[in-house]
Participant: 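One structure is given below, represented as structure tokens, and several questions about it will come after.
All chains are named by letter (A, B, ...) in the order of the sequence lines, taking the proteins before the strands, and each is independently numbered beginning at 1.
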Protein chains: 2
Amino acid sequence: MALQKEELFLKNKNIKPTAMRLLVLQYLFSCEEAVSLNQVEEALPNADKSTIFRSLKTFEEFGVVHSIREATLTKYALCKTCTAEVHTDKHPHFHCNKCDSTICLSHILLPQIQLPEHFKLQEQEYLIHGICDKCNAIA
Amino acid sequence: MALQKEELFLKNKNIKPTAMRLLVLQYLFSCEEAVSLNQVEEALPNADKSTIFRSLKTFEEFGVVHSIREATLTKYALCKTCTAEVHTDKHPHFHCNKCDSTICLSHILLPQIQLPEHFKLQEQEYLIHGICDKCNAIA
DNA sequence: GTTCTTGCAAAATATTTGCAAGACG
DNA sequence: CGTCTTGCAAATATTTTGCAAGAAC
């Protein structure tokens, strides 16, 4: 069966592998870049937007995807190493101002900052804007 | 006159110092932290929201403020060294998950990242979430 | 049968724009 | 007069929720 990989994947994360979730996950696996809710919706014309939204929320909660908040919308990308308990897959993201694609810079360590005294760090979002390699090649 | 400082400030930036803009700027000067459109509106009950919005946009365009895009809204803070041409006042921001205040970490250098080949950097947004010193003191 | 999921509709939130009246020079 | 600004209203965009029907176990 074509979906077996996704099914196992979800079961391992303690997520019930419903048809909708499998479709969303399958699509995410096919993506090289982070995608928005709208993009998922366009890719799955028969799926309801709020169902997709809830699938993504569930995925995020169980460490399947992480979300990247951009200027006008949120994008989602598969995590490589996260679980529901620990989000270890932390990295900067790159947003191309030309083609609007968002890329996980998974191989780059999130630079650590010396916070002022008595500040406690919980999360870091490093979003870098610029022109990606493909758009640079065209220009 | 109370507003003289703000008036000069705007003229130096080539922004026409209208009454509304002076009010918004005056309020920004009084703030220690970044503020949202709603916060400005609350502080200036007689001002129209879209007017404030447009003032902030103008300020941003001319290097008076910079905007910080957070999860659910945008905040604005005065720039210290920027002009319309060059935004030099770049730094990470800290968002407190308890009191929701947003603080410019002006004294901290934005860590530079080695982008993959053929990527061109244009802008960086580093938003750090955690607990601020005040909330830490309470807890 | 109890719980979880889904689809539809609609609410909620934030941002942004159109337009006409008015201010300013 | 011509340009810029303002206030009001409304559009837009996105995220989020309520609820009833249906599926799953």
Participant: Tell me: CG of Leu10(B) to C1' of dC4(D), nearest whole Å?
Facilitator: 15 Å
Participant: Testing Leu127(A), Leu105(A), Asp133(A) for side-chain contact (heavy atoms from CB on, under 4.5 Å) with Phe94(A), which one passes?
Facilitator: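 With Phe94(A) as partner, side-chain contact (heavy atoms from CB on, under 4.5 Å) holds for just one option, Leu105(A).
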Participant: Please state how far atom CD in Glu60(B) lies from atom C1' in dT16(C), giving the value in whole angstrom units.
Facilitator: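 Rounded to whole Å, this separation is 14 Å.
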Participant: Who pairs with Tyr126(A) by ring pair (Phe, Tyr, Trp, His ring centres under 6.0 Å), at least two apart in sequence or on another chain?
Facilitator: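 Residues passing ring pair (Phe, Tyr, Trp, His ring centres under 6.0 Å) with Tyr126(A): Tyr126(B).
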Participant: Do the side chains of Ile15(A) and Phe9(A) get nearer than 4.5 Å, heavy atoms only?
Facilitator: no
Participant: To the nearest angstrom, how far is Glu7(A) atom CD from dA24(D) atom P?
Facilitator: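 Nearest whole value for this atom pair: 12 Å.
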Participant: CG of Leu25(A) versus P of dT5(C): gap in Å, rounded?
Facilitator: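 About 15 Å, once rounded to whole Å.
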Participant: Between residues 30-57 of chain A and DNA chain C, which residues have a heavy-atom gap below 4.0 Å?
Facilitator: Asp48(A), Ser50(A), Thr51(A), Arg54(A)
Participant: Any side-chain heavy atom of Glu70(A) within less than 4.5 Å of one from Lys75(A)?
Facilitator: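 Glu70(A) vs Lys75(A): side chains touch.
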Participant: Indicate whether OP1 or OP2 belonging to dC4(D) is found under 4.0 Å from a side-chain N or O atom of Thr18(B).
Facilitator: no
Participant: So, taking the atom named CG in Asn97(A) and the one named CD in Gln122(B), what distance separates them when rounded to the nearest 0.5 Å?
Facilitator: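 Here the rounded value is 5.0 Å.
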Participant: Describe, in one word, how the ring planes of His91(A) and His66(A) are oriented to each other, choosing from parallel (under 30°), tilted (30 to 60°) and perpendicular (over 60°).
Facilitator: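 Judged by the thresholds at 30° and 60°, the geometry between His91(A) and His66(A) is perpendicular.
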Participant: Rounded off to whole Å, could you give me the CG-to-C1' distance for the Asn14(B) and dC4(D) pair?
Facilitator: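 These atoms are roughly 15 Å apart.
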Participant: Does dT15(C) have its OP1 or OP2 closer than 4.0 Å to a side-chain nitrogen or oxygen of Thr74(B)?
Facilitator: yes
Participant: For residues 106-120 of chain A, please give each side-chain donor-acceptor pair under 3.5 Å, one per line with the distance, not counting sequence neighbours.
Facilitator:
unit_1	atom_1	unit_2	atom_2	d
Ser106(A)	OG	Lys80(A)	NZ	3.4
Gln112(A)	OE1	Gln124(A)	NE2	3.3
Gln112(A)	NE2	Leu110(A)	O	3.0

Participant: Measure the distance from NZ on Lys16(A) to P on dC25(D) and round it to the nearest whole Å.
Facilitator: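 Distance, rounded to whole Å: 6 Å.
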Participant: Let me know, please, whether Thr72(B) or Thr58(B) comes out on the 5' side of the other along DNA chain D by nearest nucleotide.
Facilitator: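 The residue mapped nearer the 5' terminus is Thr58(B).
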Participant: How close or far is atom C1' of dT15(D) from atom CD of Glu70(B), stated in whole angstroms?
Facilitator: 17 Å
Participant: Starting at atom CE of Met20(A), determine the distance to atom P of dA24(D), rounded to an integer number of angstrom.
Facilitator: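 After rounding, the reported distance stands at 12 Å.
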